[in-house]
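In what follows, a single structure is set out as structure tokens and then discussed.
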2 protein chains.
Amino acid sequence: MHKEHTLTKNQQIIFDLINKSSEPMKAYSILFNVQKKGIKAPLQVYRALDKLVKIGKIHKIESRNAFIACHNSSCQVANATAFSICEICEKVTEISSASLSKYLANFKDKDGMKYSKYNLEFFGLCKKCDTK
Amino acid sequence: MHKEHTLTKNQQIIFDLINKSSEPMKAYSILFNVQKKGIKAPLQVYRALDKLVKIGKIHKIESRNAFIACHNSSCQVANATAFSICEICEKVTEISSASLSKYLANFKDKDGMKYSKYNLEFFGLCKKCDTK
DNA sequence: TTACATAGTGTTATATTATAACAATTAAAT
DNA sequence: ATTTAATTGTTATAATATAACACTATGTAA
Ligand SMILES: [Zn+2]
Ligand SMILES: [Zn+2]
Ligand SMILES: [Zn+2]
Ligand SMILES: [Zn+2]
């Protein structure tokens with residue numbers, strides 16, 4: 001079963017914004033967009049983002065310092081994320097591939113060490129940009 | 001064959017520092033450490049870092065905003081990087097696994113798209129921290 | 001219901017990471 | 001020798017993120 005997290009007011013406002021967005025959002029762009037709803041300070045944004053990341057509702061795209069909503073059934077895999085990033089238009093897509101996640105979840109390094117968590121970012125050209 | 005890049009003075013100073021370091025270094029820590037050698041401004045550091053990343057002598061650990069020297073024979077795989085990161089002691093190790101890099105280099109997403117580049121960061125506990 | 005613990009809020013200030021813009025210099029290519 | 005690209009030095013500023021503190025709401029357990 002899957003424990004539902006009840007979001008607080010700030011968390012809900014910020015999640016809704018990110019979830020509606022078609023592209024990853026940066027913290028200060030989020031801040032700008034929620035100021036009319038009473039969220040005035042960076043810290044309010046970062047605190048909500050931290051929590052949303054922790055519970056898997058959003059993910060951070062580390063190479064871009066930006067945040068995207070999880071579209072992986074709200075995410076059972078907060079600890080196992082993979083994205084494709086277009087280097088021209090910056091379109092970001094969450095990859096959900098059973099074989100990929102299986103491969104990585106079972107990956108052991110030389111010393112036989114297994115990992116509890118990973119983040120993978122692929123770079124290339126999206127379909128649209130590739131044909132230009 | 002492998003084209004050697006001749007480093008400029010600033011690039012060499014900064015590479016030497018990172019290369020000697022046993023842990024990833026942050027830009028402003030690098031700056032602090034090379035000030036006695038005449039590199040005085042952040043931009044001088046960032047420019048050298050950019051170049052060193054581009055030619056594969058160092059890699060950026062995106063989740064940590066830190067830089068580590070490549071120990072993968074100075075790196076044929078600047079575009080295909082994988083690291084393990086200990087969440088307690090922050091030890092970072094570059095993973096060089098033929099099977100992993102083969103798997104990822106050949107990975108295609110749903111749409112059959114292939115990628116020219118990737119970065120993978122694994123998180124967990126290193127041997128030392130795991131036994132505590 | 002009272003006490004306690006945990007999580008979230010609002011606020012101000014500040015730390016950290018990174019780039020813009022411009023003038024000058026050096027190295028490489030034609 | 002000319003010109004092109006890469007690098008440098010410098011000042012200023014932008015963008016990203018956290019510290020510290022006082023306060024409020026929520027959940028749990030006597
Ligand atoms: Zn997800
Ligand atoms: Zn694109
Ligand atoms: Zn490497
Ligand atoms: Zn460790």
Integer-rounded Å distance: D/dA6 P and B/Arg47 CZ: 14 Å

query: How close or far is atom P of C/dC22 from atom CD of B/Gln44, stated in whole angstroms?
result: 19 Å

Expected rows: protein N/O vs nucleotides 17-20 of chain C N/O, under 3.5 Å:
from, atom 1, to, atom 2, distance (Å)
C/dT17, OP1, B/Lys26, NZ, 2.5
C/dA18, OP1, B/Lys60, NZ, 2.7
C/dA18, OP2, B/Tyr46, OH, 3.1
C/dA18, N7, B/Tyr28, OH, 2.8
C/dA18, N6, B/Tyr28, OH, 3.1

- prompt: If you measure from CD on A/Glu94 to CZ on A/Phe83, what distance do you get to the nearest 0.5 Å?
  reply: 4.5 Å

message: Below 30° counts as parallel, above 60° as perpendicular, anything between as tilted: where do the rings of A/Tyr103 and B/Tyr103 land?
response: parallel

Nearest-0.5 Å distance, NZ of residue A/Lys51 to OG1 of residue A/Thr8: 7.5 Å

Distance test, side-chain N/O of A/Lys40 to OP1/OP2 of C/dT11, below 4.0 Å: yes

field: B/Lys51 side-chain N/O to D/dA6 phosphate OP1/OP2 under 4.0 Å
entry: no

message: Using whole Å, what does the distance between atom P of nucleotide D/dT7 and atom CG of B/Leu49 come to?
response: 13 Å

task: Whole angstrom is fine here: how far is it from CG in B/Asn10 over to P in D/dT10?
output: 11 Å

message: Below the 4.0 Å mark, does D/dA25 have OP1 or OP2 next to a side-chain nitrogen or oxygen of A/Thr8?
response: no

field: Spacing of A/Gln11 atom CD relative to D/dA25 atom C1', expressed in whole Å
entry: 13 Å

task: Figure out the CD1/C1' separation between A/Ile30 and D/dT16, and round it to whole Å.
output: 12 Å

field: d(CD1, B/Ile13; P, D/dT7) in whole Å
entry: 15 Å

field: Integer-rounded Å distance: D/dT16 P and A/Ile61 CD1
entry: 14 Å

- prompt: Between B/Ser63 and A/Glu62, does any side-chain donor sit less than 3.5 Å from a side-chain acceptor?
  reply: no

- request: Would you mind checking if B/Lys91 and B/Glu23 are paired as a salt bridge, meaning a charged N to carboxylate O distance below 4.0 Å?
  value: no

query: Taking NZ, NE, NH1 and NH2 as the nitrogens, is one of them in B/Glu87 or A/Lys117 under 4.0 Å from a carboxylate oxygen of the other?
result: yes

query: Once you round to the nearest 0.5 Å, how far does CG of B/Asn72 lie from CD1 of B/Ile95?
result: 10.5 Å

